[in-house]
Amino acid sequence: MLDRRLERLERELMLVARCSVLTPRERKVQATEAHEAEPQKPSTKSDARTDTGKDAHPDTRAEAHTAPQTNLGAESCTPTRLDRSGYLLLSRLDAEGAMSIGQLADAFQLDVSTVNRQTGALLRAGLAERIPDPDGGLARKLRITPQGADRMAAERTCRQTDLSRLLESWPSEEVARLEDVLTRFNREVERQEGRAWPRETGDA
């Protein structure tokens, strides 16, 4: 069942997870684009404790790149899985290209400091890298690395394999209906927020 429809269904399920309509978060505008170019300080224990604040992503309590999870029987899955925040960030960078911290914070409606912590984990793991702004801006941007692309692809395969097994007894028309409903929901969220997720031309 690893077909194009399953790929789209997995994506829409991922996007439901980042939906801020169900769990509103107040984003604090407290950093400028110029500030993003400053070197990142190593996270501390006190930083980790602040991740439970109301403006923090639910997954910032753990490192964004390594969240050991139970392998649900998929032999092709890697022992160490990407957690939700790491997967979301890498997926956005893969879909849209290089983005600044401010752009990522706006895309996910998160506090800039929260995104700094999440992307810091990706940088330390070599899954993302900082590059000068291709458009000549002052702020440096984040770009997914080849290693990051490989990890993201492996995680996506694991998720699709697990999803295929979960839905193996579903008639194809019900799987299609589920995808259509989720896509409609996500597009409505994006319309109301004014923040569309980049999709390939022709996607449902």
inquiry  = Are Arg165 and Asp162 packed together at the side-chain level, in the sense that at least one heavy-atom pair is separated by less than 4.5 angstrom?
reply    = yes
To the nearest 0.5 Å, how far apart are [atom1] in [X] and [atom2] in [Y]?
| X | Y | atom1 | atom2 | answer |
| --- | --- | --- | --- | --- |
| Leu104 | Thr114 | CG | OG1 | 12.5 Å |
| Arg11 | Thr183 | CZ | OG1 | 6.0 Å |
| Leu6 | Arg159 | CG | CZ | 12.5 Å |
| Gln147 | Met152 | CD | CE | 13.0 Å |
| Leu89 | Leu122 | CG | CG | 6.0 Å |
| Met14 | Glu155 | CE | CD | 11.0 Å |

Taking all non-hydrogen atoms of both residues, which atom of [X] and which atom of [Y] are closest, and how far apart?
| X | Y | result |
| --- | --- | --- |
| Arg199 | Arg187 | CD-NH2, 3.2 Å |
| Arg143 | Ala98 | CB-CB, 4.4 Å |
| Gln109 | Glu193 | OE1-OE2, 2.9 Å |
| Lys141 | Ser100 | CG-N, 3.8 Å |
| Val175 | Arg5 | CG1-CD, 4.4 Å |
| Ala105 | Val112 | CB-CG2, 4.1 Å |

message = Can you tell whether the side chains of Arg191 and Glu188 come within less than 4.0 Å, N to carboxylate O?
response = yes
Ion pair check, Arg4 and Glu179, cut-off under 4.0 Å =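 Judged by the 4.0 Å cut-off on N to carboxylate O distance, Arg4 and Glu179 do not form a salt bridge.
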inquiry  = Would a single hydrophobic cluster contain both Trp197 and Val181, if residues Ile, Leu, Val, Met, Phe, Trp and Tyr are joined by side-chain heavy-atom contacts under 4.5 Å?
reply    =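 Looking at the clustering, Trp197 is in a separate group from Val181.
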request  = Consider only side-chain heavy atoms of I, L, V, M, F, W and Y, link residues closer than 4.5 Å, and tell whether Leu90 and Ile131 are in one cluster.
outcome  = no
task = Would you check, one step at a time, whether the test side-chain contact (heavy atoms from CB on, under 4.5 Å) holds for Leu167 with Leu9?
result = CA-CA 11 Å; Leu167 300 176; Leu9 178 56; 3.5 Å; yes
key: Set of salt bridge (charged side-chain N to carboxylate O under 4.0 Å, His left out) partners for Asp94, sequence neighbours left out   =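 Asp94: no salt bridge (charged side-chain N to carboxylate O under 4.0 Å, His left out) contacts found.
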Residues in salt bridge (charged side-chain N to carboxylate O under 4.0 Å, His left out) contact with Glu96, at least two apart in sequence or another chain =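 Once residues adjacent in sequence are excluded, the partners of Glu96 under the salt bridge (charged side-chain N to carboxylate O under 4.0 Å, His left out) criterion are Arg92.
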Look at the side chain of [X] and the backbone N and O of [Y], then say whether any donor-acceptor pair between them is shorter than 3.5 Å.
| X | Y | answer |
| --- | --- | --- |
| Asn186 | Leu182 | yes |
| Thr145 | Glu129 | no |
| Ser164 | Gln160 | no |

task = Give the C-alpha distance, both sets of side-chain angles, the deciding distance and a yes or no for side-chain contact (heavy atoms from CB on, under 4.5 Å) between Met99 and Val115.
result = CA-CA 12 Å; Met99 300 176 69; Val115 178; over 6 Å; no
ask   = Under 3.5 Å, is there a donor-acceptor pair linking the side chains of Arg156 and Ser91?
value = yes
request  = Show the numbers, then the answer: is there a side-chain contact (heavy atoms from CB on, under 4.5 Å) between Leu88 and Gln118?
outcome  = CA-CA 10 Å; Leu88 280 167; Gln118 293 177 342; over 6 Å; no
